[in-house]
Amino acid sequence: MRLVAAGVSKFLPVPDLLAGERADAAIAKMLGLSRTKVIDLIESGLVRSQFGSLDKSDRLSTEMIIEVELDERPVQSLEVVAADVPELEIVYLDDDIVVINKPAGVVSHPSVGFEGPSVAGVLLSRGITLSTSGAQERQGIVQRLDVGTSGLMVLARSERAYSVLKQAFRDRTVKKTYHALAQGHPEPASGTIDTPIARSQRHDYKFTISAEGKHAVTHYKTIELLPAAALMEVGLETGRTHQIRVHFSHFRHPLVGDPLYGADPKLAAALGLDRQWLHAKKLAFAHPISSDWVEFESDYPADLELALGKLRDTDFRL
């Protein structure tokens, strides 16, 4: 896989013959790249027009000038390396799907610049095969969690399950519920954050609120008020990278333990946290083969439980 980062920008006028075609198909033809590669570029926020960012299903017009950021350094292959992480729990397994409880520190799939274990590598080490659909390092991946976020993930084992689950996530029929610890006491105590998210122009590893970004909707409600923080239940309507972290930061209540998005490092240190307090608590969806509605729930890992316990202690002082 070619390294993708901010680099050389190509500007592509849309020819008459490709007007009305989907962005992924048309740009693949213009650049001579595979459609999968172009989708990766689009989903990484590296493709836009003068009118804003593009989704892969957007239709192109001859008025558009397409900008694509490409890194023209040598190709680097990303391989799934088998390496077990005992803390990764198999919650459910059948011939078509596997639901896991991912610990922090494990990346969803191999990525440039990260040398630690991956979900796919852990499953490979345990002899659990995944769908072969998608890019090599993302085979079976239908959703992602940040490396510093723990909790529930579903992966596809069969090709049919991959196709159905990908569509279910696109159609927003999968119910994802997170618990997060936000700094301060958000007001109002429940509500919806509806602001678009784009990749930061200054740091390619960071995301930001931008009118040119992708539609992003986060629902939240307060579960418990604590000293200096609030335990929140969060539901995602969309699944943008870093969505909860970016939205709560924009709301002026960054997640505890998330200095990348403005959290107080002193509070994180006092609670013994070295990552954002964010856990994928519940996951529910129609099984891709049987169509039965299935629901899963996971407990907080030890580091998040310990941080909560410290905040609940009447003697806690920052």
Side-chain angles (χ1 to χ4, degrees), residues 85-89 101-108 113-117 144-153 176-191 193 195 197 200 202-203 205-209 216 218-236 240-282 297-318:
V85 176
E87 293 79 11
L88 189 148
E89 175 191 3
N101 192 11
K102 185 186 85 67
V106 178
V107 73
S108 295
F114 184 81
E115 297 181 355
R144 290 178 289 179
L145 292 179
D146 295 343
V147 64
T149 299
S150 54
L152 295 168
M153 278 182 66
K176 300 168 286 183
T177 304
Y178 294 76
H179 282 190
L181 192 63
Q183 284 188 195
H185 296 162
E187 287 290 341
S190 63
I193 306 172
T195 53
I197 293 175
S200 169
R202 296 183 178 181
H203 310 286
Y205 53 84
K206 190 175 180 180
F207 290 77
T208 188
I209 299 299
T218 301
H219 305 288
Y220 71 91
K221 67 178 180 180
T222 302
I223 300 173
E224 182 180 1
L225 293 177
L226 298 157
L231 182 62
M232 314 296 295
E233 181 177 282
V234 183
L236 295 184
R240 308 305 178 198
T241 304
H242 295 186
Q243 178 172 323
I244 297 173
R245 299 164 66 188
V246 173
H247 271 173
F248 272 86
S249 177
H250 177 68
F251 194 29
R252 300 186 184 279
H253 293 282
L255 302 191
V256 175
D258 193 7
L260 180 64
Y261 290 106
D264 182 358
K266 291 182 180 179
L267 178 57
L271 298 177
L273 282 175
D274 59 6
R275 52 109 166 189
Q276 66 267 14
W277 204 111
L278 180 60
H279 184 68
K281 178 73 171 169
K282 300 176 184 178
E297 185 169 353
S298 74
D299 295 331
Y300 301 146
D303 61 334
L304 302 190
E305 194 68 68
L306 179 62
L308 269 185
K310 288 183 177 181
L311 280 176
R312 288 168 175 157
D313 190 329
T314 55
D315 294 327
F316 176 79
R317 296 291 184 274
L318 182 59

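Starting from 1, each residue takes its place in the sequence as its number.
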Next item on the list: Kindly write out the residues that satisfy ring pair (Phe, Tyr, Trp, His ring centres under 6.0 Å) with Tyr261, not counting sequence neighbours, or none if the list is empty.
Entry: His242

Notebook entry, point to check: Counting only heavy atoms not in Asp299, do more than 12 sit closer than 6.0 Å to its CG atom?
Noted result: no

Nearest-0.5 Å distance that lies between atom [atom1] in [X] and atom [atom2] in [Y]:
X	Y	atom1	atom2	result
Leu308	Lys310	CG	NZ	12.0 Å
Leu278	Met232	CG	CE	12.5 Å
Asp146	Thr241	CG	OG1	7.5 Å
Ser150	Leu145	OG	CG	8.0 Å

Side-chain donor/acceptor of [X] to backbone N/O of [Y], under 3.5 Å:
X	Y	result
His185	Leu226	yes
Ser200	Lys206	no
Trp277	Gly257	no
Lys102	Ser108	no

Under the side-chain hydrogen bond (donor to acceptor under 3.5 Å, both in side chains) rule, collect the residues that match up with [X], sequence neighbours excluded.
X	result
Thr195	His247
Ser298	His279
Glu233	none

Notebook entry, point to check: What's the verdict on side chain to side chain contact (heavy atoms under 4.5 Å, CB included) for Arg275 and Leu255, showing C-alpha distance, side-chain angles and the deciding distance?
Noted result: CA-CA 10 Å; Arg275 52 109 166 189; Leu255 302 191; over 6 Å; no

Next item on the list: List the steps and the verdict of side chain to side chain contact (heavy atoms under 4.5 Å, CB included) for Ile197 and Ile209.
Entry: CA-CA 5 Å; Ile197 293 175; Ile209 299 299; 4.1 Å; yes

Margin query: Restricting to side-chain contact (heavy atoms from CB on, under 4.5 Å), what partner residues turn up for Pro265, sequence neighbours left out?
Written below: none

Note to self: Restricting to side-chain contact (heavy atoms from CB on, under 4.5 Å), what partner residues turn up for Ala268, sequence neighbours left out?
What the structure shows: Leu273

Note to self: According to salt bridge (Lys or Arg N to Asp or Glu O under 4.0 Å), does anything in residues 250-261 pair up with another residue at least two apart or in another chain? List the pairs.
What the structure shows: Arg245-Asp258

Check: Do any pairs count as a salt bridge (Lys or Arg N to Asp or Glu O under 4.0 Å) and have a residue in residues 181-191, sequence neighbours left out, and if so which ones?
Finding: none

Checklist line | Nearest heavy-atom neighbours spanning Val107 and Val147 | finding: N-CG2, 3.9 Å

Notebook entry, point to check: So which heavy atom on Leu311 is nearest to which on Ala229, and how close?
Noted result: CD1-CB, 4.1 Å

Applying salt bridge (charged side-chain N to carboxylate O under 4.0 Å, His left out), can you list everything that pairs with [X], at least two apart in sequence or on another chain?
X	result
Glu224	Arg312
Arg240	none
Glu297	Lys281

Tabulate below the donor-acceptor pairs under 3.5 Å that side-chain atoms of residues 176-184 make, not counting sequence neighbours, or state none.
residue : atom : partner : partner atom : Å
His179  : ND1  : Tyr300  : OH           : 2.5
Gln183  : OE1  : Asp264  : N            : 2.5

Margin query: What verdict does the side chain to side chain contact (heavy atoms under 4.5 Å, CB included) test give for Thr218 and Phe251, after you've listed the backbone C-alpha separation in whole Å, the side-chain angles of each residue and the deciding distance to 0.1 Å?
Written below: CA-CA 11 Å; Thr218 301; Phe251 194 29; over 6 Å; no

